[in-house]
Amino acid sequence: MSHFVLIDGNSVANRAFYALPLLSTSAGLHTNAVLGFTTMLLKVLEEMKPTHIMVAFDAGKVVFRHSEYAEYKGGRSKTPPELSEQFPLIRELLDAFSIKRFELEGYEADDIIGTLTKQADEQAWKTTVITGDKDMLQLVSEQVSVALTRKGVSEIELYTPKEIHEKYGLKPLQIIDLKGLMGDSSDNIPGVPGVGEKTALKLLHEYGSVEQVLENIDKVSGKKLQENLRENVDKANMSKALATILREAPVELDVQETGYEGYDGVPLSEFFKKMEFKSLLSKIKVAQPAAGSEQADAKPFSFEMISEENKAAYESKLTSPMALYIEMDGENYHHAPFLGVGLAAEDTVMFVPWDVAKEWQVLCEWLADPAKEKWVFDGKRDTVGLAWHDFAIKGISFDVYLASYLLNAAESNPTLDSIAAQYAQTRVLSDEEVYGKGAKRLVPEMDVLSEHVAHKAAAIWQSVPVLREQLAENEMEKLLGELEAPLSMVLALMEKQGVKVNSERLVQMGEDLDKKLAALTDQIYELAGGAFNINSPKQLGEILFDRLSLPVLKKTKTGPSTSADVLEKLAPYHPIIDAILTFRQLGKLRSTYIEGLTKEIHTKTSKVHTLYNQATTATGRLSSTDPNLQNIPIRMEEGRKIREAFIPSEDGWYMLAADYSQIELRILAHISQDENLIDAFQKGMDIHTRTAMDVFGVSEEEVTSLMRRQAKAVNFGIVYGISDYGLSQNLNITRKEAGDFIERYFDVFSGVKRWMDEIVQQAKADGHVTTLLNRRRYLPDIRSSNFNLRSFAERTAMNTPIQGTAADVIKLAMIRMQEAIEEKGLDSRMLLQVHDELVFEVPENELEVMRQLVPEVMESALSLNVPLKVDVSDGRTWYDAK
DNA sequence: TGGATCACG
DNA sequence: ACGTACGTGATCCAG
């Protein structure tokens, strides 16, 4: 049966460009979009086996829509030169694949594809459209499916009328009405103001089309919505017209000419060589032994199932290096049962059920042998998981999880299926596909499970050389090898060690809170004149703004805001406000920190064992979950008491906390080279007081507490990438006043101003910013013509080098600190990291040593042109280490 | 499941 | 004119 595949070339190239790090050949030619395009093509050819295939491109400047609406696509950022230069290469690529490409002066790829799918419908051909553009869903029919690329281009999601109905409750053609109502900022289609996806869907479910909605405005619920619709009838109609893909373009293409019989490996491998796609070269040889032969496909995947009986025969297969994946039942590796072990090398793939593995002496020795190199996905998970089973693992020499995160921190928490799609030939199913999700989650039968795990191991094996190549290209080998990889082993120790919790203390605090909350609840009901759910912003809003007629100062998408900063302003109007604020505060302590924390206490150890996520944040910081130990209260005294429940795990020991003082501003001083800021730190001054002196032009004695508070807010703003609006919100002053502060700040700290301008310029030129240790963050919106997107990216460009370098520094300090503890044979243990703070438990006889050693190591982690300063303190509980 | 809120740096 | 502070995670409600 025929299968016609139509590819939206511009859309796929764009997606690929922004999803992959900016790779280039040794000659400096950028190739990331080409690589993404290639990966997608190989996948489509293999999985869809098209009999006919074609790629459409936009052509010419004047698209017919422009004459209808001058702003069309006005919101779209200019194509960056790094991408433009790749289009000719993509054309070359298609020629090498012998795939027909097509463009039509004055028309977009959408319109060409729209026209061809109409013909396909008429001829009843099975057709699949590949694109990243959701608008194209309007083309779906019984004959035509649309495959949307996801996660860049590495995954595709197939839509037939059934999926569209399931997701939106709409017929494919109603996608046009959906866009007409909600608009599309990326194409600058305005839509109706105040109507987003939810409202648009509600309206369409009721009335069916834009026209029907407009005819029935009077019946629509919601006064504001009616008003918006009435005032924007023209906009809605125009938006619908703009969103409609043309299906009558003058396309003169004989579909028979797009017939596809596979590619010739010779020109393709030539092209790959030119692009320096070394890893893909091997792949096409396998896929293309003889043109046209049915046997051309890669050899079927196979692996060895290891059992008690046959294991002896595979002892010699445990080589070095080797890829290793440990499958566990669940996310939390402190508890998750082990299911099995996948192993892979050049010509071996094995699966060992855990019951077999744990009794296989040779495997356990291999795991513990530091000379046997292991390539893994998340070595911390393996290390901690195995430690709970009393097994050791040594010799982890490459971690694809960390490598993939460094190459693109925007894709947080990389999964093995997406890594495989980007860097390997083997396809790995997502865990959700194998296990199901939510209540339906189930460990599958052994045959399914073993194959899944075997694929994972094989994918790790194949990914490593590609990842190594790309890390080298981006000069991030040291960042991985000397920072993130050793850090993961330090974090493994900290997580496994855990922190002892005094649960009696928590219970006691919980009982106190229960009493106070009960009293507050009565008081609030009385003041409100009836019972309601205080935790529901909606119900609370009704009480405050309807029944008590308090003024609405701020709104959220769903109604009037009841957030703390608004309530604080309302406090003078009514006594209920203070009661609500206290209720919220205490309620948070009870639910998150008493009940939530108690649930996480490990029954055997009476400790909490957090999970540090090393591959989540865009800036390079860690995050902590289950429980989150990086947001334990400290600012308010009542909350701070929670820290009394965090205690040393050995009798007579102490908690010791050490935090960097003003690390972000010190880093700013270093990277901006601002003389004034450097001077302040070299003189060891209080930085907020010094800022107040300079900004307000007063002497140290004349700085009032208000001036210092305002200067402190300005310093925060500087680190966040300042805006007058943000500062005015924070300080409750006018925008003008905030603007004046900023101006005066930049007068005195002109080096900071210069650096901020430069870093934004640099981000625009490179498309990314970096930290001192060359951690990289891509900022695709930095060239956007959309003010909001661009401003956000600009602030990020200013903040990320600062926050990210601070993360680099403390990570380095943690590695040095663990080394120091081991070298000196100390019993003290590192327990927690809270961004700029490290917490240890320390035996009494090591207190003196640690009070010296910890600040010394932390302050010398990285040498800057201002000193780093660390404050250290200790006590019987975490609370007392203040 | 997404939004609002609030805990931390 | 636009409408925001930077980075996280947990809990609760409502649809």
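Since we're looking at a predicted model, the values are computed, not measured. Computed from heavy atoms alone, side chains included, the values below leave out hydrogens, waters and symmetry copies. The sequence lines fix the lettering, A, B, ..., with proteins before strands; numbering per chain opens at 1.
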- Could you verify whether a donor N or O on one side chain and an acceptor N or O on the other, from A:S563 and A:D565, lie under 3.5 Å apart? yes

- A:R584 has a side chain; which of C:dC6, B:dT5, C:dG3 sits nearest to it? B:dT5

Distance-only donor-acceptor pairs under 3.5 Å for side chains of residues 796-807 of chain A, two or more places apart:
| residue | atom | partner | partner atom | Å |
| --- | --- | --- | --- | --- |
| A:T796 | OG1 | A:F792 | O | 2.7 |
| A:N799 | ND2 | A:V719 | O | 2.9 |
| A:T800 | OG1 | A:R777 | NH1 | 3.0 |
| A:T800 | OG1 | A:T796 | O | 3.0 |
| A:Q803 | OE1 | A:T619 | OG1 | 2.9 |
| A:T805 | OG1 | A:L772 | N | 3.2 |
| A:T805 | OG1 | A:P801 | O | 2.5 |

- Base C:dT8 to side chain A:S623, donor-acceptor N/O within 3.5 Å cut-off: no

- Query: Would A:S791 and A:N788 count as a side-chain hydrogen bond (donor to acceptor under 3.5 Å, both in side chains) if you check the C-alpha gap in whole Å, the side-chain angles of each, and the deciding distance to 0.1 Å?
  - Reply: CA-CA 5 Å; A:S791 302; A:N788 283 327; 5.5 Å; no

- Starting from C1' on B:dA7, measure out to CD on A:E638 and report it in whole angstrom. 14 Å

- Who pairs with A:E495 by side-chain hydrogen bond (donor to acceptor under 3.5 Å, both in side chains), at least two apart in sequence or on another chain? A:Y333, A:K380

- Hey, can you pull the residues of residues 550-559 of chain A with a non-hydrogen atom under 4.0 angstrom from DNA chain B? A:T556, A:K557, A:T558

- Message: Going by the rule side chain to side chain contact (heavy atoms under 4.5 Å, CB included), which residues pair with A:Q729 if we only count those two or more places apart in sequence or in a different chain?
- Response: A:Y725

- N-O pairing of A:E595 and A:K599 below 4.0 Å: no

- Counting any heavy atom closer than 4.0 Å, what does A:A807 reach on the DNA or RNA strands: base, sugar-phosphate only, or nothing? nothing

- Base-paired stems in DNA chain C, each at least three Watson-Crick or G-U pairs under 3.5 Å: B:1-9 with C:6-14

- Message: Under 3.5 Å, is there any donor-acceptor pair linking the side chain of A:R777 to the base of C:dG7?
- Response: no

- Query: Which distance, rounded to the nearest 0.5 Å, do you find between the CG of A:L406 and the OH of A:Y401?
  - Reply: 11.5 Å

- Message: From CD of A:E794 over to P of C:dC6, roughly how many Å is that when rounded to an integer?
- Response: 12 Å

- If only side-chain N and O atoms of A:R621 are considered, is one of them under 4.0 Å from the OP1 or OP2 phosphate oxygen of B:dG9? no

- Query: Contact class for A:I634 (heavy atom, under 4.0 Å): base, sugar-phosphate, or nothing?
  - Reply: sugar-phosphate

- Task: Report yes if at least one side-chain N or O of A:T800 is closer than 4.0 Å to OP1 or OP2 of C:dC6; otherwise report no.
- Result: no

- Item | Closest listed nucleotide, where the reference is the side chain of A:R635 and the choices are B:dC8, C:dT4, C:dC6 | B:dC8

- Quick one: label A:V834 by what it contacts on the DNA or RNA (base, sugar-phosphate, nothing), any heavy atom closer than 4.0 Å. sugar-phosphate

- Determine, for A:K588 against A:E638, whether the closest basic-nitrogen to carboxylate-oxygen distance falls under 4.0 angstrom. no

- Base, sugar-phosphate alone, or nothing: which one does A:N730 contact when heavy atoms must sit under 4.0 Å apart? base

- Query: Would you call A:R744 and A:D740 a salt bridge, taking side-chain N to carboxylate O under 4.0 Å as the test?
  - Reply: no

- Any N/O donor-acceptor pair, A:Q630 side-chain to B:dC8 base, under 3.5 Å: no

- Determine whether any donor atom in the side chain of A:R795 lies under 3.5 Å from an acceptor atom in the base of C:dG7, or the reverse, and answer yes or no. no

- For nucleotides 10-15 of chain C, 5' to 3', base contacts (B), sugar-phosphate-only contacts (S) and non-contacts (-) with protein non-hydrogen atoms under 4.0 Å give BSSSSS

- Task: Check whether more than 12 heavy atoms from other residues, nucleotides or ligands sit under 6.0 Å from atom NZ of A:K764, and answer yes or no.
- Result: yes

- Query: Is it true that A:R621 and A:E664 have a side-chain N and a carboxylate O under 4.0 angstrom from each other?
  - Reply: yes

